[in-house]
Amino acid sequence: MPSLHPLDFPEILSAVGAYLLPGSLASCVRVSRHWHQTLLSLVWCYVRLEHFSPVAPEAQYLHKNRYFVRSLVVGGDVAEELTFLRFPTLRTLTLLSLNSGYAAAMVQAHPSLVHLEISGGRPTSYDVATLEAVMRLPRLKSLSANLSLDEATVDLFWAVCTRIERLRLHDAIFRVEGHLDSMMFSNIRELVLHNDSIYNHRYPRKDLEIMQRCPKLETLSWRGCWESGQEFFHLAAAGTWPYLENLTMAPTQTGDVKQALAFQQLKRISFLKIGVFGPRSFQAIRPHFATLKTLYLTKYGLATSAMMQELLSSCPVLEELIGDSIHADDIAHGQPWIRTRLRHLVLCINFDPSTIDEYQPLIFKQFSRLTRLEHLDVCWDRVRKPDDSDLSLVRHSSRVTFPPSIDLGLGKGLDLPLHSSCDMFDSSDWLRRYPRRQRTIYGRSK
Amino acid sequence: MPVILVSSDSQEFKVDKEVAERSILIKNMLEDVGESDSPIPLPNVTATVLTKVIEYCEHHRNDPVQVPDETDDPRKRSNDIEEWDMKFMQVDQEMLFEIILAANYLDIKPLLDVGCKTVANIIKGKTPEEIRKAFNIVNDFTPEEEAQIKKENEWAEDR
């Protein structure tokens with residue numbers, strides 16, 4: 001027996017604590033003085049104060065442990081005594097639907113803030129005091145808000161943009177343009193612009209203007225951009241965002257060719273979630289297989305089965321692949337899939353019924369390489385069938401947990417949505433029908 | 001190119017350089033020493049533990065190097081342990097902690113993470129008394145002290 005137990009080392013106990021949820025941590029701090037001293041900070045790290053939440057700490061204990069609180073969520077109608085509390089090391093503050101006066105006071109009182117989120121149902125007109133307070137935060141790196149900006153506040157907002165690294169705007173309204181001139185937002189690395197509200201179309205859209213001023217942009221998520229999509233890809237093809245590597249875009253009118261030209265300008269691609277995807281785009285992302293982590297294609301794309309097979313056998317760090325469909329013979333005869341970090345795979349597998357027996361073992365062999373797979377979806381619903389009147393049959397899927405006898409590493413926590421209601425699902429039926437045989441095959445292939 | 005590692009009880013282990021370099025400590029040592037064949041002493045690790053550590057590094061030799069995750073939410077998942085790793089960690093508690101200490105000393109972050117996740121999974125859902133029993137820990141609180149701590153932190157219990 002070692003004289004000093006490993007859990008006596010604070011760094012080891014803290015490392016374990018990082019994997020525990022608050023419920024377990026609340027038990028842990030009662031175990032002994034050492035555990036209390038080491039883990040108390042983790043209990044108080046993240047606090048939620050909302051009127052409707054029964055799990056808010058008492059004000060006196062909040063005050064006592066105020067130095068531990070790093071992340072705070074404050075909802076509306078919070079007990080007044082709690083609103084006077086101050087947290088000297090607070091890094092993240094989320095204010096939900098609060099009146100602007102309170103927002104300004106909270107922001108002013110916490111100069112340690114790095115991340116600020118002010119959200120609510122509708123865009124709120126920030127008063128000058130709040131934006132000035134935001135401007136004065138020395139360490140602010142990210143701002144997330146739904147804003148309505150007018151003459152008094154828009155220039156303050158642009159000034160904030162020159163300092164931060166991450167900006168998230170949800171249904172922002174710009175009543176006036178303000179003085180953008182030759183302003184550049186050179187610190188912005190991540191931009192999330194979501195325009196979901198249909199009421200805002202009468203206000204000028206500033207999305208592209210903002211994006212163009214972010215030369216160091218690495219991550220972009222853009223929604224509600226149908227009309228400006230083409231211009232975006234035009235600008236991208238001109239090399240406006242050389243550092244862009246993560247792109248999430250709702251489908252635009254841009255074609256495959258224009259999109260490919262844009263991809264060619266990128267130095268690196270990690271995360272791609274887009275509407276259109278065809279052979280040219282595929283060609284353009286081939287050089288980036290080594291860094292590709294997530295590829296999410298909707299069913300409007302032109303991705304072929306051969307592409308899917310190539311992706312599965314060529315991308316070493318791929319974690320999520322949401323594609324359309326793949327043919328069984330492409331899998332069976334294709335290159336071996338890489339023993340990847342793939343966690344999430346959505347692909348419909350098309351079978352020719354006559355070849356099931358021949359291809360099954362080969363397909364399972366491929367699957368067996370995905371040792372980290374957590375979510376597998378072979379649902380027919382993903383296949384484009386525009387002329388099929390029986391489409392109504394494929395609407396409802398029921399979740400079936402896979403029997404644990406399957407030894408693909410799938411038994412643990414694998415979601416396998418299957419259609420149980422329709423007979424024509426040969427593609428997923430084989431997974432149900434051949435578990436026993438599969439185990440034998442897996443054993444034989446070793 | 002093989003590398004020779006020597007455990008605290010003087011047993012020698014020949015491993016490929018690529019495997020040995022999963023340990024950042026060893027990697028740095030090799031860089032400092034240069035092209036030398038001399039064995040590397042590991043005075044803090046016994047042979048039985050070193051065998052397990054080498055087994056882990058062999059199995060994971062082709063894993064891409066982990067990039068530290070800079071997300072602000074420190075609460076990580078502990079339910080995503082690979083099946084092989086789970087079987088690998090099915091050892092008695094003494095060995096489990098020896099592996100954790102060795103992973104900490106040798107600076108093998110993925111192994112340290114798996115070890116900590118395993119311990120976290122033991123702790124989950126247990127009452128304080130059950131935790132003490134599991135790890136042979138002495139309760140050095142008075143009943144009043146413990147009751148006070150429970151009261152202060154009760155709000156976190158349901159989360």
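Each chain gets a letter, A, B and so on, in the order its sequence line appears, and its residues count up from 1. The basis for the numbers below is simple: all heavy atoms, side chains too, and nothing from hydrogens, waters or symmetry mates.
- Summarising the local packing, CD of E18(B) is surrounded by more than 12 heavy atoms from other residues, nucleotides or ligands at distances under 6.0 Å.
- Looking at N139(B), both its backbone and its side chain come within 4.5 Å of chain A, counting heavy atoms on both sides.
- Nearest approach of R132(B) to R30(A), heavy atoms of both residues: NH2-O, 2.8 Å.
- Under the 4.5 Å side-chain criterion, counting only non-hydrogen atoms from C-beta, I123(B) is in contact with C28(A).
- Heavy atoms closer than 4.5 Å to chain A are found nowhere in E154(B), neither backbone nor side chain.
- We find the CD1-CD1 distance between I12(A) and I100(B) to be 6.5 Å, quoted to the nearest 0.5 Å.
- Taking CD1 from I131(B) and CG from L7(A), the interatomic distance works out to 10.5 Å, rounded to the nearest 0.5 Å.
- Counting heavy atoms from C-beta on, the side chains of I149(B) and L40(A) never come closer than 4.5 Å.
- Within the 4.5 Å cutoff, the side chain of L21(A) has no heavy atoms near those of the K124(B) side chain.
- In this structure, CD on E145(B) lies 4.0 Å from CZ on R33(A), to the nearest 0.5 angstrom.
- Listed here is the closest heavy atom pair of V47(A) and W155(B): CG2-CH2, 4.1 Å.
- Applying the 6.0 Å contact sphere to NZ of K216(A) captures no more than 12 heavy atoms from other residues, nucleotides or ligands.
- When atom types are taken as modelled, the side chain of D140(B) and the backbone of S32(A) share no donor-acceptor pair closer than 3.5 angstrom.
- In this structure, the side chains of W35(A) and I137(B) come closer than 4.5 Å at one or more pairs of heavy atoms.
- Within the 4.5 Å cutoff, the side chain of T127(B) has no heavy atoms near those of the S27(A) side chain.
- The neighbour count for R139(A) CZ, taken as heavy atoms of other residues, nucleotides or ligands under 6.0 Å away, does not exceed 12.
- At a threshold of 4.5 Å between non-hydrogen side-chain atoms, the residues N153(B) and Y61(A) do not count as touching.
- Side-chain contact between Y19(A) and V119(B) is absent, with no heavy-atom pair separated by less than 4.5 Å.
- By the side chain to side chain contact (heavy atoms under 4.5 Å, CB included) test, R70(A) is found to be paired with C45(A), T89(A), R91(A), residues two or more places apart in sequence or in another chain being considered.
- Among residue pairs with one or both ends in residues 15-29 of chain A, none qualify as salt bridge (Lys or Arg N to Asp or Glu O under 4.0 Å); sequence neighbours excluded.
- Counting heavy atoms from C-beta on, the side chains of F9(A) and L101(B) come closer than 4.5 Å.
- Within a 6.0 Å sphere centred on NE2 of H344(A), other residues, nucleotides and ligands contribute more than 12 heavy atoms.
- In this structure, S24(A) and G125(B) approach most closely via the heavy-atom pair OG-N, 3.8 Å.
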